[in-house]
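Okay, structure first, notes after.
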Amino acid sequence: MNDVVQIALRAFFALVVLFAITRFSGKKQLAQLTFFEYIVGITIGDITAVIATDIENNLVHGYTSLLVFAAIPFFVNT
């Protein structure tokens, strides 16, 4: 598959997962986030970018790490 098409598809699906994680984590203004939640949000965004652009890595590993980082604040706050 052409690399450009592969990156576009990976970016689309990574963005869909990112929006789902954002919706699941709840609506918060930036001022309402704790420092921990802010750092986790930045890390989740970085992982999403790596999933979208690094075509040599396994998608399952990327999505697993993304879901782990999304679950950490949920379990810490409960």
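No hydrogens, no waters, no symmetry mates; every other heavy atom, side chains included, goes into these values.
- When every heavy atom of Ile47 is checked against every heavy atom of Phe69, the shortest pair comes out as CD1-CD1, 3.6 Å.
- Note that the CD1 atom of Ile72 and the CD1 atom of Ile39 stand 13.0 Å from one another [nearest 0.5 Å].
- Every pair passing side chain to side chain donor-acceptor pair (under 3.5 Å) that includes a residue from residues 54-70 is listed here, sequence neighbours excluded: Asp54-Asn57.
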Would you give me the side-chain donor-acceptor pairs under 3.5 Å for residues 11-19, sequence neighbours excluded?
none

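- Annotation for Ile55: hydrophobic cluster partners, listed by chain and number, are Ile7 (ILVMFWY side-chain heavy atoms under 4.5 Å, direct or chained).
- When the side-chain hydrogen bond (donor to acceptor under 3.5 Å, both in side chains) test is applied to Asp46, no partner is found at least two apart in sequence or on another chain.
- Hydrophobic cluster membership is shared by Val68 and Phe36, with clusters built from Ile, Leu, Val, Met, Phe, Trp and Tyr side chains linked at under 4.5 angstrom.
- Hydrophobic clustering (side-chain heavy atoms under 4.5 Å, transitive across Ile, Leu, Val, Met, Phe, Trp, Tyr) groups Phe35 together with Ile42.
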